[in-house]
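This is a predicted model, so every value here is computed, not measured. In what follows, residues are counted from 1 in the order of the sequence shown.
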Amino acid sequence: MILCAIALFLFFSCAKPNANQYFLLIGSSANPVELETINDLKKDLSKVVTEEIFILTDEDEVPTSGTIFVLGTTSSNSILKELAADKKITLSAELPGSRGGIWAKTNLQNGQEAIVIGGSDVEGLQYAIYDYAKEILGIDPFEYWTGKKPSAKSKTAIYNFKAKTIAPPKVPILAYFENDVDELANYRGKILEYDWESYTEMINSLVRLRYNAIQFFDMLGRPEFYVRPEYKKLNPDYQIDIEYLDKMIDYAKLKGMKIQIDFELGYQIHPMDESKAECWVTYKEDWITAWKYYLEKTPLSKTDIYVLRPRNQVWDWEYKSSCGESKIDVFNEVYEAFGALVDQYNPEAIKVAICYSDGMEMFNEGFNPPKDWTVVWSDHGFGTFDHEIKDTKGYDFGTYMHAGYWLNHTVHNPYPNLVEAAMKHMFDTYDADKYCLVNGQNFRPFLLNLEAYSEVCYNPDSFTSDGFYKTWTERYFSTEVAKHAVASMQYLHKAQEGRKGYVEHLWEIREAVSYLSNAPIVRPGKTPIPFDYERVLGDLENTAKTKSYLKKAFNEAEIGYEKVSKSDTFYHSYIFLPVQLYSDLIAFETALHKMAMLKRKYETTQDKKFLAEAMTILPEAKNKLKIVFDHRSSGDLDDKWKDWYSIAIRRQNNGFPTYEMLDAIEANLKNMTL
């Protein structure tokens, strides 16, 4: 008789064993994260086999038939401990080491053959299980986002692997930054708040990719959400749901992720007046009181990784003291004070100083946080660094990288080649391998880069951009289609050279509209920018270059699209549609540029024929804007993502062109002809 065990989130059944059943043997002392991971394996197996799957503990009688998995660590599963003691497997807390694991096949004491998936610790078990699910069961870590389903597997296929040691990753902490997440947070459910399904599926995918921490940011109520007019218009009644935030934190922890928080002081969860963020010497106690509130009265008490940036602590910009302080002196004091506070509340805490451009300059010039802080160097938003490190000064170093950046949050910039070059340079030159934070923007468009960062942080020696591109695309498409997908994405990357993504072109469009309508660019809370042809002139060459690369990207995407099944919505959404959307915008911008050049000719010659010619382009511009709207509103072929590109819920960076803008241009050109 097999005894039944009951554990958190798992379903156990009693049955007599037979050769067609699957048994997952776990430790009776397995913790909730371990149990959750094993339950994921049970779900994964159920997708590829039709036989019954049971979960038993090491206190139950071991089955004498069926397919048996022994799962856990040597500290949680007595069967694994015995196998290790008998030298049947090589596994301990030290071998292969933290976040490392093994796959093996061996015979148990009753003579039954078993598959062993174990970890030196729970994280090691997680990645051993998730790697097995990906490589042997064919589970796509992005299954929810790509729609790729695994095929049925025979018992032979389940056993078809060689013994494997899964080494610990090069970078021990790989964190995901939930920042600028509007599209993901808005596309269904409450505006500026993740729906539960999207959030949990994002976490599920990240964990399978070895991301073991998440930094909450937008979901803490970033200041833009409740202060800036664009966001107040989008959601006038925005209010952070603290209970929901607590639930999100608990789910991430259940999946084995550490919680990372930047302890800036502008979040709606408990905002500090922004004037107090500009003078440390006067408002030091207010800063400390606010931090204590976070640590005592909010879900941020569950933080594992404490982040501070040497910047303004309410707004994401350079610290400019209102009381004549040296910002380097200020933050040498701030990090000492905040670090001491963290030590009181969480002696096991990890502390990370993330330096943006101003912070990197400060570090090179004398900013020195206490030595128990890991110092993090930031890319400039598109995967490469503007600042070199003069001297690491004995600090542990890490990196803050972007899978997606606010200038290209609509259309991804695929750059595994930059991921390879930049990360290997940072590892080899500065030993900046103690930590990596990856900004995933709204996640879904940036799957490729997110996985590239995961792979290079796991094993930089084996990572090559060409190999990664090939493996990644062939996971989803045939070899022939994959070639066109890679070529298209490489041209799409070239189209964004010089940090010129989709959103940057929205700004260029505003510059063209401003000039054509003789109206300044009005920005809430900022000084209006006068209309100026020189601004447009600076955009002409770049837009033409972007257009030429997009033409090549679109051609490759189209050839590949002709070769895939029309039921393959992922190729359309990830390869074809982004290039189409970007091309649409550039076509509209090009029409405006034609008009701008004609207006300029009129201004230099006073010949009104140029204004008349510019007027004839207006119908073309309106038609091209309609195409922009139509393709964004129709969006993906998969109904699950039908609202993803809706302009009404897009991120508010740089506005969006409207028919009213074209009407203003028409009125101005007509007025100029009088």
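Aromatic rings of F463 and Y453 (six-membered ring for Trp) have centroids beyond the 6.0 Å cut-off, not under it. Aromatic rings from F54 and Y22 are positioned such that their centres are separated by 6.0 Å or more.
Under the ring pair (Phe, Tyr, Trp, His ring centres under 6.0 Å) rule, F443 has a single partner from Y199, W145, Y144, which is W145. Of the options K149, R475, K134, a salt bridge (Lys or Arg N to Asp or Glu O under 4.0 Å) to E143 is made by K149 and by none of the others.
No salt bridge links E197 with K640; every basic N to acidic carboxylate O contact stays at or beyond 4.0 Å. Taking the charged nitrogens against the carboxylate oxygens, R208 and D131 have no contact shorter than 4.0 Å, which rules out a salt bridge. K105 has no carboxylate O lying under 4.0 Å from a charged side-chain N of E113, or vice versa, which leaves the two without a salt bridge. Salt bridge status for K170 with D461: absent, with no side-chain N to carboxylate O gap under 4.0 Å. With salt bridges taken as basic N to acidic carboxylate O contacts below 4.0 Å, none links D241 and K247. Between D372 and K351 there is a salt bridge, since at least one side-chain N of the basic residue sits less than 4.0 Å from a carboxylate O of the acidic one. Comment: D433 does not engage K424 in a salt bridge, judged by the lack of any side-chain N to carboxylate O separation of less than 4.0 angstrom.
Side-chain atoms of N449 come within 3.5 Å of backbone atoms of N413 as a donor-acceptor pair (strictly under, hydrogens ignored). No donor-acceptor distance shorter than 3.5 angstrom exists from the side chain of T73 to the backbone of S120, with no hydrogens or angles considered.
Considering CZ of F427 and OG1 of T399, their distance stands at 6.0 Å, rounded to 0.5 Å. With values rounded to the nearest 0.5 angstrom, M401 atom CE is found 10.5 Å from L437 atom CG. Remark: M219 CE to I214 CD1 distance equals 10.0 Å, nearest 0.5 Å. Here CZ of F177 is found 7.5 Å from NE2 of H402. Values are rounded to the nearest 0.5 Å. For the atom pair CG (D568) and OG (S478), the distance works out to 9.5 Å, reported to the nearest 0.5 Å. For the atom pair CD1 (I240) and CG (L192), the distance works out to 11.5 Å, reported to the nearest 0.5 Å.
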How far apart are the C-alpha atoms of H409 and F446, what are their side-chain angles, what is the distance that settles it, and do they pass the ring pair (Phe, Tyr, Trp, His ring centres under 6.0 Å) test? CA-CA 9 Å; H409 64 72; F446 307 108; 8.5 Å; no

Walk me through whether K434 and I173 qualify under side chain to side chain contact (heavy atoms under 4.5 Å, CB included). CA-CA 7 Å; K434 308 305 183 291; I173 298 174; over 6 Å; no

Check against side-chain hydrogen bond (donor to acceptor under 3.5 Å, both in side chains), Y400 and N439: CA-CA 8 Å; Y400 166 37; N439 189 326; 2.9 Å; yes

Pair Y306-Q260, side-chain hydrogen bond (donor to acceptor under 3.5 Å, both in side chains): steps then yes or no: CA-CA 6 Å; Y306 295 76; Q260 175 170 304; over 6 Å; no

Could you go step by step and tell me if D396 and T374 meet the side-chain hydrogen bond (donor to acceptor under 3.5 Å, both in side chains) rule? CA-CA 5 Å; D396 284 345; T374 297; 4.7 Å; no

For the pair I102 and K164, evaluate side chain to side chain contact (heavy atoms under 4.5 Å, CB included) and give the outcome as yes or no after the intermediate values. CA-CA 6 Å; I102 64 166; K164 180 178 181 180; over 6 Å; no

Can you list the steps and then say if K190 with D195 is a salt bridge (charged side-chain N to carboxylate O under 4.0 Å, His left out)? CA-CA 7 Å; K190 291 183 179 179; D195 66 281; over 6 Å; no

Test salt bridge (charged side-chain N to carboxylate O under 4.0 Å, His left out) on K253 and E36; report intermediate values, then the result. CA-CA 11 Å; K253 281 184 170 286; E36 178 72 11; over 6 Å; no

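For the residue pair D636 / Y574, no side-chain donor-acceptor distance below 3.5 Å is found, with atom types taken as modelled. In this structure, a donor-acceptor pair under 3.5 Å is absent between the side chains of Q215 and D262. E556 and S488 share no side-chain donor-acceptor pair at under 3.5 Å. Side-chain atoms of Y130 and D40 form a donor-acceptor pair, as typed in the model, at a separation below 3.5 Å. Side-chain contact check for E51 and Q21: no donor-acceptor pair (N or O, by modelled atom type) lies under 3.5 Å. The closest side-chain donor-acceptor pair between S76 and E34 falls under 3.5 angstrom. There is a side-chain donor-acceptor pair under 3.5 Å between D121 and S98. Side chains of W472 and E451: a donor on one and an acceptor on the other come within 3.5 Å. Between Y469 and Q490, the side chains place no donor N or O within less than 3.5 Å of an acceptor N or O (distance only, hydrogens not considered).
Q112 pairs by the side-chain contact (heavy atoms from CB on, under 4.5 Å) definition with I68, N110, not counting sequence neighbours.
In this pair, Y561 and Y571 present their aromatic rings parallel. The plane angle is below 30°, not in the 30 to 60° band. Below 30°, between 30° and 60°, or above 60°: for Y176 and Y211 the angle between ring planes is above 60°, a perpendicular geometry.
Looking at every heavy atom in both residues, S205 comes nearest to P141 through OG-O, 2.8 Å. Minimum heavy-atom separation, T74 to A93: OG1-N, 4.4 Å. Of all heavy-atom pairs spanning G101 and A128, the tightest one is CA-CB, 4.4 Å. Residue P150 comes nearest to G138 through the heavy atom pair CB-O, 3.5 Å, listed as atom of the first residue, atom of the second, then distance. Here the closest heavy-atom approach between residue C436 and residue V171 is recorded as N-CG1, 3.7 Å. Smallest separation of non-hydrogen atoms from E562 and K566: CA-NZ, 4.0 Å.
Geometrically, K642 does not engage Y187 in a cation-pi contact defined by less than 6.0 Å to the ring centre and at most 45° from the axis.
Other residues, nucleotides and ligands contribute at most 12 non-hydrogen atoms within 6.0 Å of the NZ atom of K162. Within a 6.0 Å radius of NZ in K155, more than 12 heavy atoms belonging to other residues, nucleotides or ligands are found. The 12-atom threshold is not exceeded at NZ of K470, counting heavy atoms of other residues, nucleotides or ligands nearer than 6.0 Å.
Looking only at side-chain heavy atoms (C-beta outward), L418 and H493 come within less than 4.5 Å of each other. Residues D246 and K302 have side chains in contact (heavy-atom distance under 4.5 Å, counting atoms from C-beta outward). The shortest side-chain heavy-atom distance between Y132 and L137 falls under the 4.5 Å cut-off.
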